[in-house]
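Scope of the values below: all heavy atoms of this structure, side chains included, with no hydrogens, waters or symmetry mates. Numbers restart at 1 for each chain; the letters A, B, ... are given by sequence-line order, proteins then strands.
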Amino acid sequence: MRVALVDRPIDVAALVAEVAHPGTGATTLFVGTVRDQHAGRAVTGIDYDAYAPMAHRECETIGAEAAERFGTDRIVVEHRLGTLAVTEASIAIAVAAPHRVAALEAQRYLIEAIKARVPIFKREHYADGTRAWVDNRGGSVVATSGAPVEGTP
Amino acid sequence: MRVALVDRPIDVAALVAEVAHPGTGATTLFVGTVRDQHAGRAVTGIDYDAYAPMAHRECETIGAEAAERFGTDRIVVEHRLGTLAVTEASIAIAVAAPHRVAALEAQRYLIEAIKARVPIFKREHYADGTRAWVDNRGGSVVATSGAPVEGTP
Amino acid sequence: MTTTVLLFASWADALGSRLAVELPEGAQVADLLRELSSRTTGRALPEPMVAINQRYASAAQVIRAGDEVAIIPPVAGG
Amino acid sequence: MTTTVLLFASWADALGSRLAVELPEGAQVADLLRELSSRTTGRALPEPMVAINQRYASAAQVIRAGDEVAIIPPVAGG
C-alpha cells in the first residue's frame with residue numbers, strides 16, 4: 001500500500017503497473033478528472049490545496065482500512081495538489097486483488113472515504129474569471145472570491 | 001461506445017485515454033488478468049476462445065445496456081483471445097462519466113454481465129502440464145484434457 | 001432437415017467444432033439437446049445453452065432450416 | 001494559553017492561514033469555534049471540523065498547550 005500527495009501529473013498506467021502481481025486476477029483504477037463545468041457554470045481549472053500532513057496520514061489510514069476490509073494491500077493512491085486544467089487527473093486509485101469483488105469494492109470504499117474524510121480543498125476557476133471554494137457535500141459553492149482573478153488557466 | 005475482441009496485448013492506458021472528455025469527472029478501469037493459481041492449482045497460462053461473432057454482438061448489447069442505464073456512452077471494452085501468460089490482461093473495461101457513481105456502477109454492471117453472458121471460454125494450463133476448461137460459475141473445472149500437452153507457456 | 005451446429009470448449013473437444021445433425025421439421029432446441037446427449041453418453045460435459053442466429057434460445061424455440069445454431073458451454077469471459 | 005490555529009480554504013481567505021488565539025486553560029474545541037465565529041460575524045463561512053494533532057476532534061475535546069490545531073472546512077478531495 002502506498003499513498004502520496006503529488007504536485008505533478010499522475011501517471012495512471014504506472015499506478016496500474018505498480019499494483020500488478022502474478023497472484024491477482026482483477027485490477028481496478030479510479031481516476032478523478034477536472035470537468036469543464038460544475039453546477040451549470042463553465043469551469044476552466046481547479047486549485048487543489050491540502051492540510052498536507054494530515055491529508056497524507058488520513059489517506060494512509062483509509063488505505064489500511066481498505067486493505068484490512070478487502071484483504072489486499074496492493075493499493076496505490078495518488079492525489080495531486082496545485083492548479084489543474086480541465087481533463088487533468090486530481091486523483092488516481094489502483095487496487096489489485098485475487099478476485100474482482102475485492103478489487104471493485106475496495107476501489108469504491110477508497111474513493112468514498114477519501115472524498116468524505118481527507119482534508120483536501122478545491123477552488124474552481126470559472127470562465128467568467130471568478131473563483132470559488134467548493135466541497136463534496138453535493139458540490140455547492142460555499143464561498144466566492146470577490147473580483148475576477150488574473151491568470152486563470 | 002466501442003467493444004472489440006482482440007488478439008494482441010491490451011493497452012489499458014490507451015483505453016483510459018480513449019474515454020477521456022472535458023465533460024467527464026470520473027473514469028474507471030477494470031482489468032482482468034491471468035492469475036498464477038486457481039482452485040489450489042498452479043496456473044501457467046490460459047487459452048481464451050470465443051464464439052466470436054456472437055461474443056462481439058453480446059458485448060455490444062451489454063455496452064448499450066450500460067450506456068442507457070448509467071447515462072454515458074464513453075465506454076470501451078476489449079477482450080483478448082488466444083493464449084495468455086500469467087499477469088497478462090484478458091479484459092479491460094474503461095468508463096468515463098460526469099460523476100463517479102455512474103462510472104463505478106457502469107463498470108461493475110459491465111464486468112458482471114460480460115462474465116455471465118458473453119460466449120467466451122477459457123482453458124487453463126497447469127504447472128503439471130494438464131489443461132482444463134473452466135467457467136465462471138464458481139470456477140469449477142468441467143473437463144480435463146487427458147495427457148499433458150506440449151508447449152504450455 | 002440437416003442443421004449445422006457449432007460447438008465450443010469441452011463440447012468441441014467431445015464432438016468437434018462443427019457437426020451436421022439431422023432433425024425433423026419443427027424440431028425444438030430441446031430435441032437437438034437430446035440428440036447431442038445421445039452422442040456423449042458417459043462423458044462429463046456441462047449443460048450448455050443454445051444460441052440460434054447468435055441469440056440465446058429457449059428449450060422450446062423451433063429450429064428452422066438455415067439457422068445458425070450453436071452449443072454454448074458455461075461461459076468464462078472476463 | 002496562546003494556541004496557533006491553522007486554517008484552510010474559505011476560512012484561510014477570511015482569517016489568514018495561521019492565527020494565534022488566546023484561550024483559557026481547559027478550553028474545548030467548542031470554545032475555540034465560538035471565539036473564531038466572533039471574528040467572522042456576517043461572513044458566509046461553512047461550519048468546519050477541527051483537528052487536533054492531525055486527528056478530527058469532538059466539540060468537547062480539550063485543547064492543550066502545544067497542540068497542532070486546525071480548522072477544516074468541508075473537504076473536497078477526490
Side-chain angles (χ1 to χ4, degrees), chain A residues 3 5 30-35 38 46-62 77-81 89-93 107-108 110-124 131-146 149, chain D residues 3-21 23 28-30 32-78:
Chain A
V3 306
L5 305 177
F30 178 89
V31 186
T33 53
V34 177
R35 288 180 68 207
H38 178 222
I46 293 182
D47 299 323
Y48 278 94
D49 192 14
Y51 178 17
M54 180 173 168
H56 188 271
R57 173 192 286 228
E58 194 71 11
C59 282
E60 289 212 316
T61 300
I62 291 166
V77 176
E78 288 193 356
H79 200 300
R80 187 168 167 194
L81 302 179
S90 52
I91 189 170
I93 301 169
Q107 172 195 46
R108 184 143 194 181
L110 287 159
I111 185 59
E112 299 297 343
I114 288 168
K115 281 190 172 270
R117 291 162 45 187
V118 176
I120 292 176
F121 315 99
K122 71 178 176 189
R123 183 166 53 176
E124 292 181 339
R131 300 181 181 190
W133 295 103
V134 300
D135 65 59
N136 286 341
R137 302 170 309 171
S140 57
V141 173
V142 295
T144 304
S145 62
V149 181
Chain D
T3 299
T4 300
V5 178
L6 308 175
L7 303 98
F8 298 93
S10 52
W11 279 82
D13 287 352
L15 296 178
S17 61
R18 180 181 286 264
L19 198 64
V21 180
L23 292 173
Q28 299 175 334
V29 163
L32 170 64
L33 288 175
R34 253 190 306 277
E35 167 60 23
L36 293 181
S37 291
S38 74
R39 304 187 186 195
T40 57
T41 313
R43 285 191 256 197
L45 291 174
E47 191 176 348
M49 302 282 282
V50 173
I52 297 180
N53 300 327
Q54 300 175 19
R55 295 182 193 280
Y56 289 109
S58 69
Q61 191 167 331
V62 173
I63 298 170
R64 305 192 186 283
D67 277 351
E68 180 177 319
V69 178
I71 298 299
I72 302 184
V75 301

Name the region of [X], side chain, backbone, both or neither, that has any atom closer than 4.5 Å to a heavy atom of chain D.
{"X": "A:Tyr51", "answer": "both"}
{"X": "A:Ala50", "answer": "backbone"}
{"X": "A:Ala55", "answer": "neither"}

Under a 4.5 Å heavy-atom cutoff, which of D:Ala70, D:Pro73, D:Ala12 has the most pairs with chain A?
->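 Looking at each of D:Ala70, D:Pro73, D:Ala12 in turn, D:Pro73 comes out on top.
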Measure the [atom1]-[atom2] distance between [X] and [Y] for me, rounded to the nearest 0.5 Å.
{"X": "D:Trp11", "Y": "A:Trp133", "atom1": "CH2", "atom2": "CH2", "result": "14.5 Å"}
{"X": "D:Leu6", "Y": "A:Met54", "atom1": "CG", "atom2": "CE", "result": "11.5 Å"}
{"X": "A:Glu58", "Y": "D:Tyr56", "atom1": "CD", "atom2": "OH", "result": "5.5 Å"}

Using the test side-chain contact (heavy atoms from CB on, under 4.5 Å), find all partners of A:Glu60 that sit at least two apart in sequence or belong to another chain.
->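 Per chain and number, A:Glu60 pairs via side-chain contact (heavy atoms from CB on, under 4.5 Å) with A:Val3, A:His56.
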Residue D:Arg55 versus chain A: region with a heavy atom under 4.5 Å |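 The answer is both parts of D:Arg55.
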Using every non-hydrogen atom in the two residues, find where [X] and [Y] come nearest and quote the distance to one decimal.
{"X": "D:Asn53", "Y": "A:Arg57", "value": "O-NH1, 4.0 Å"}
{"X": "D:Gly78", "Y": "A:Tyr48", "value": "O-OH, 3.3 Å"}
{"X": "A:Asp135", "Y": "D:Val75", "value": "CB-O, 3.5 Å"}

A:Asn136 (side chain) donor-acceptor with D:Gly77 (main chain) under 3.5 angstrom =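 Yes.
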Against chain D, work out which of A:Pro53, A:Ala116, A:Ser90 has the most heavy-atom pairs shorter than 4.5 Å and name it.
->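 Top option by heavy-atom pairs under 4.5 Å: A:Pro53.
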Should we say atom CZ of D:Arg39 is surrounded by more than 12 heavy atoms from elsewhere, each under 6.0 Å from it?
->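 Result for CZ/D:Arg39: enclosed.
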